[in-house]
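Reckoned from all heavy atoms, side chains included, excluding hydrogens, waters and symmetry mates.
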Amino acid sequence: MIGLDTDVLLRWLVDESVWPDEAPEQTALVAETLGRRDARFFVDVVVLAETVWVLAQPLRQRKPMLVTVIDRLLNASNIVVDQRDAAVKALAEWATGKGDFADHFIGAINRAAGCTTTLTFDRKAAYADGFTRLSREP
């Protein structure tokens, strides 16, 4: 199995026109490498969260497209996603809920680890399942 960094995964997922001048060569190399039938590739939790953030923020992709991309990764035959069960739960919650994908992913990972809740100051994250907003307010 071969691990993927965020920049490699993004070049596989996104049209080369959004990348700098070296993108056509890099994009072609990524397509060739990830297209190998004899290899499996690992996407860890940080890479998945970073990928969704880059797609959502700098690249301004909308949630429905992001849901499709994450689902595609989770179901690709040559991609192994770290904490896959937590990612599936996070995706389902985030698709119809508030907060960021990363918030839901953190909550799902923490629940799988046995946490009863995850403390946060983030008002949006507090809406995600398994979070409690830390506050002195009742």
ILVMFWY network linking L9 to F42, side-chain heavy atoms under 4.5 angstrom: no
Approximate separation, where rounding is to 0.5 Å, of K98 NZ and R123 CZ: 12.5 Å
Note: E93-R111 ion pair, threshold 4.0 Å (strictly below): yes
L13 CG to M65 CE distance, which is reported to the nearest 0.5 Å: 8.5 Å
Electrostatic pair D122-K124, nearest N-O below 4.0 angstrom: no
Sidechain-backbone polar pair: T132 side chain, T118 backbone, donor-acceptor under 3.5 Å: no
Any donor-acceptor pair under 3.5 Å from D100 side chain to D103 backbone: no
Expected output: side-chain D44 to main-chain V47 donor-acceptor under 3.5 Å: yes
F41 side, atom CZ; L4 side, atom CG - distance, nearest 0.5 Å: 6.5 Å
side-chain contact (heavy atoms from CB on, under 4.5 Å) assessment of L74 paired with V88: CA-CA 8 Å; L74 291 170; V88 168; 3.9 Å; yes
Backbone N/O of A95 and side chain of H104: donor-acceptor pair under 3.5 Å: no
Within 6.0 angstrom of R40 CZ, more than 12 heavy atoms from elsewhere: no
Spacing of E50 atom CD and L48 atom CG [to the nearest 0.5 Å]: 10.0 Å
Shortest non-hydrogen contact between L73 and W12, atoms and distance: CD2-CZ3, 3.6 Å
Test item: I106 and F131 side chains (from C-beta on) under 4.5 Å apart, heavy atoms: yes
With sequence neighbours excluded, residues passing side chain to side chain contact (heavy atoms under 4.5 Å, CB included) with A31: none
Main-chain N/O of D7 paired with R11 side-chain donor or acceptor, under 3.5 Å: yes
For A108 against A86, the heavy-atom pair lying closest together: CB-O, 3.4 Å
Over 12 non-hydrogen atoms of neighbours within 6.0 angstrom of CZ in R133: yes
Exam field: side chain N78 to backbone L34, donor-acceptor pair closer than 3.5 Å: yes
Ring pair (Phe, Tyr, Trp, His ring centres under 6.0 Å) partners of F105, counting only residues at least two apart: F101
Joint cluster assignment, L10 & V46, ILVMFWY side-chain distance < 4.5 Å: yes
side-chain contact (heavy atoms from CB on, under 4.5 Å) between V52 and I70, intermediate numbers included: CA-CA 8 Å; V52 174; I70 298 167; 3.5 Å; yes
Give every donor-acceptor pair under 3.5 Å between a side-chain atom in residues 53-63 and any protein atom, sequence neighbours left out.
from	atom 1	to	atom 2	distance (Å)
Q61	NE2	L59	O	3.0
K63	NZ	W94	O	2.7
K63	NZ	G97	O	2.8

